[in-house]
Engineer: 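Mind looking over this structure? Questions follow.
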Amino acid sequence: MTPVTIIGGGLGGLMLARALHVQGIPSTIYESEASPEARTQGGQLDIHTYYGQLALADAGLTDQFRAIIHEGGAASRVLAQDGTVLLDEPDDGQDTRPEVLRGDLRRILRESLPEGTIQWGKKLASVTALGQGKHELTFTDGTRVTSDILVGADGAWSKVRPLLTDVKPAYTGTTYVETYLYDVDARHPATAAAVGDGGMFSLSPGKGISAHREAGAVLHTYVQLSCPEDWADSVDFADPVAVRTLVAAKFDGWAPELTALITDGETAPVSRKIYALPDNHRWDRVPGVTLIGDAAHLMPPAGEGANLAMFDAAELAKAIAANPGDVEAAFTAYETAMFPRSHQEAVDAQEVMDLCIGERAPFGLIEFFTQVGQGA
Ligand SMILES: Cc1cc2nc3c(=O)[nH]c(=O)nc-3n(C[C@H](O)[C@H](O)[C@H](O)COP(=O)(O)OP(=O)(O)OC[C@H]3O[C@@H](n4cnc5c(N)ncnc54)[C@H](O)[C@@H]3O)c2cc1C
C-alpha cells in the first residue's frame, strides 16, 4: 500500500491516520507542534451522533470516546443581561451531543496510532509539485520528504491549500475574546451558579457572553463581539488588565455574575478573530493532493468544525481503501461528497452565528434550541 502523507495532527489529521490504520494503510503525520504537551488543549467540543460519533465508531474508538464524556455537560441555558433565566435545558443524558475536552479526544486518537506515526516539530514551510501527483515537502528545519499521496489537515492557515486554490480565509466581522475561571464553585460561586452545568449564552445584537462549564470546575468563556478587524487589531492583548477593562465596558449594566467572566478571568484574555472560507469553497482536482477539515472548509464556530474534520477523515480513508492503486478515483469520490456537505454546514454555521449576536438575539437562539429539543 502506498503510504499517505498527512500535514497536521489536529483532530482531522489524527482521525485520518487512525482510520487508514484500521484499513491497513500506513501513514505519517507531520505536525508543527514540538510535542503533545506543547500547547494547552483547552476547550470542550460537543460530538454529534451524525458526524463525529460515526467517525469514532468507524475508527473502533467508541469505548474510548465514552470514557472521556463530561457527563451532564450538554445542558444549555440562555440568560438575559440581568441574569434572568430565559431558557434552561438540562442534559437529557441521551448522548446525542455529549461534551468532551479537545485534549482528551486528541489523546485517545494519538494513543490508537502505531508508534512513530506522528513526526513532531515538523512545520511545513513550502510544497513543490514534482509531477505525476508527487510533491516535495520542505519543513522549517530544512528537512525534505517526497509524498505520493498528500493530505492537508493543517487547519485554517493551511500551507497545502495553495496547491489547490488561491482562496484565503476572510475575517467574518466577529472576534471572540477567550477567558478562563478556575475552581469556580469555591472561588466564583455566583458565576458558577449562573452558568450551570453546561453551556450558558447571554446574548444581544452585536455582542454576547458564552461560557461552558468544563470538567474540573472550570468556566471557559468566549466573549463574542461584532467589530471591525482593525479595532480587534488595535487592542493590546499584551496588557490583560486593559483588555478586561475595555471588553467589560461593552457589557456595562449586565449582571455582575456575568461580567465576572470577563473581569475575574485568571488567564490573560486571548483574541480569537473569526475567519472563514467562502461557503461554497471548492477546487478542481489536482493530482496527488486533497484537504480535510478547516483546511478545506474553515467556517464560523457553530459546534460542527471538529465533527466535520473527523468525518472528512473517516470518509477519505474509506474512499482510499475502496480504490486501491487509484488515488485520483478516491479523492474524486471524497471531494464529490465533501463539497456539498461542507457548503451546507458553512451556510448553517453562518446562521447560528447570526442567531447568537444578530438582530434577533437572544430570541433567535432560544427558538433554535427549542426546535432542536423538539427534534426539528
Ligand atoms: C473559538 C473557536 C471555538 C470552536 N468551538 C468548536 C466547538 O465547540 N465544536 C466544534 O466542533 N468545533 C469548534 N471549533 C472549530 C474546530 O476547532 C475546528 O473546526 C477543528 O479543530 C478543525 O480540525 P482540523 O484538524 O481541521 O484543524 P486544527 O484543529 O486546526 O488542526 C490543525 C493542525 O495542523 C497543525 N499545523 C498547522 N500548520 C502546520 C504546518 N505548516 N505544518 C505542520 N502542521 C501544521 C496545527 O498545529 C494543528 O495541530 C471552534 C473554533 C474556534 C476558533
Side-chain angles (χ1 to χ4, degrees), residues 5-17 28-36 38-39 41-48 50-53 55 73-74 76 97-103 105-106 109-110 118-127 137-141 143 145 150-162 169 172 174-179 198-199 210-212 214 220-224 270-277 291-313 316 338 342 345-346 349 352-353 356:
T5 301
I6 303 168
I7 305 299
L11 292 170
L14 291 169
M15 176 59 85
L16 179 60
T28 302
I29 297 175
Y30 295 93
E31 165 57 48
S32 62
E33 288 172 8
S35 74
R39 182 166 62 93
Q41 296 289 324
Q44 219 163 236
L45 304 166
D46 48 328
I47 302 302
H48 306 156
Y50 43 94
Y51 287 140
Q53 291 188 39
S76 309
R97 39 203 313 132
E99 301 273 347
V100 299
L101 288 171
R102 184 191 295 266
L105 197 49
R106 281 184 80 180
L109 286 164
R110 257 190 346 258
I118 308 174
Q119 301 277 310
W120 297 98
K122 288 287 182 186
K123 182 169 187 176
L124 182 67
S126 61
V127 196
L137 313 177
T138 305
F139 297 94
T140 52
D141 62 5
T143 56
V145 295
L150 175 62
V151 181
D154 48 345
W157 302 104
S158 172
K159 289 274 189 199
V160 180
R161 191 191 294 129
T172 59
T174 302
T175 290
Y176 287 8
V177 178
E178 185 178 25
T179 69
S210 298
H212 272 84
E214 295 181 351
H220 181 190
T221 301
Y222 289 118
V223 181
Q224 296 152 290
V270 175
S271 168
R272 304 265 180 221
K273 292 194 291 179
I274 305 299
Y275 287 84
L277 286 163
L291 306 173
I292 62 172
D294 281 3
H297 45 65
L298 180 68
M299 56 186 78
E304 214 63 82
N307 286 275
L308 280 173
M310 292 194 292
F311 191 72
D312 285 353
L316 177 56
M338 183 271 289
S342 50
E345 293 299 340
V352 169
M353 182 75 102
C356 285

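Atoms within each ligand, like the ligands themselves, are counted from 1 in listed order.
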Engineer: With a 4.0 Å cut-off on heavy atoms, does K122 reach ligand 1?
Structural biologist: yes
Engineer: Taking distance alone, with no angle check, do D294 and ligand 1 share an N/O pair under 3.5 Å?
Structural biologist: yes
Engineer: Using a plain distance cutoff, I'd like to know if E31 has any nitrogen or oxygen under 3.5 Å from a nitrogen or oxygen of ligand 1.
Structural biologist: yes
Engineer: Minimum distance, heavy atoms only, to atom 39 (C) of ligand 1: which one of L14, T174, D154 is it?
Structural biologist: D154
Engineer: With sequence neighbours left out, what residues match K122 under side-chain hydrogen bond (donor to acceptor under 3.5 Å, both in side chains)?
Structural biologist: D141, T143
Engineer: For ligand 1, is E178 a contact, meaning one of its heavy atoms is under 4.0 Å away?
Structural biologist: no
Engineer: Does an N or O from A309, backbone or side chain, lie closer than 3.5 Å to an N or O of ligand 1?
Structural biologist: no
Engineer: For ligand 1, is there an atom lying under 4.0 Å from some heavy atom of R106?
Structural biologist: yes
Engineer: Out of G8, A153, A313, indicate the one that has the non-hydrogen atom closest to atom 32 (C) of ligand 1.
Structural biologist: A153
Engineer: Is it the case that ligand 1 has an N or O less than 3.5 angstrom from some N or O of I292?
Structural biologist: no
Engineer: State, to 0.1 Å, how close K159 and V127 come at their nearest heavy-atom pair, and which atoms those are.
Structural biologist: O-CG2, 3.9 Å
Engineer: Between W157 and Y275, what is the ring plane arrangement, given parallel below 30°, perpendicular above 60°, and tilted in between?
Structural biologist: perpendicular
Engineer: Evaluate S32 for polar contact with ligand 1, using N/O atom pairs at a separation under 3.5 Å.
Structural biologist: yes
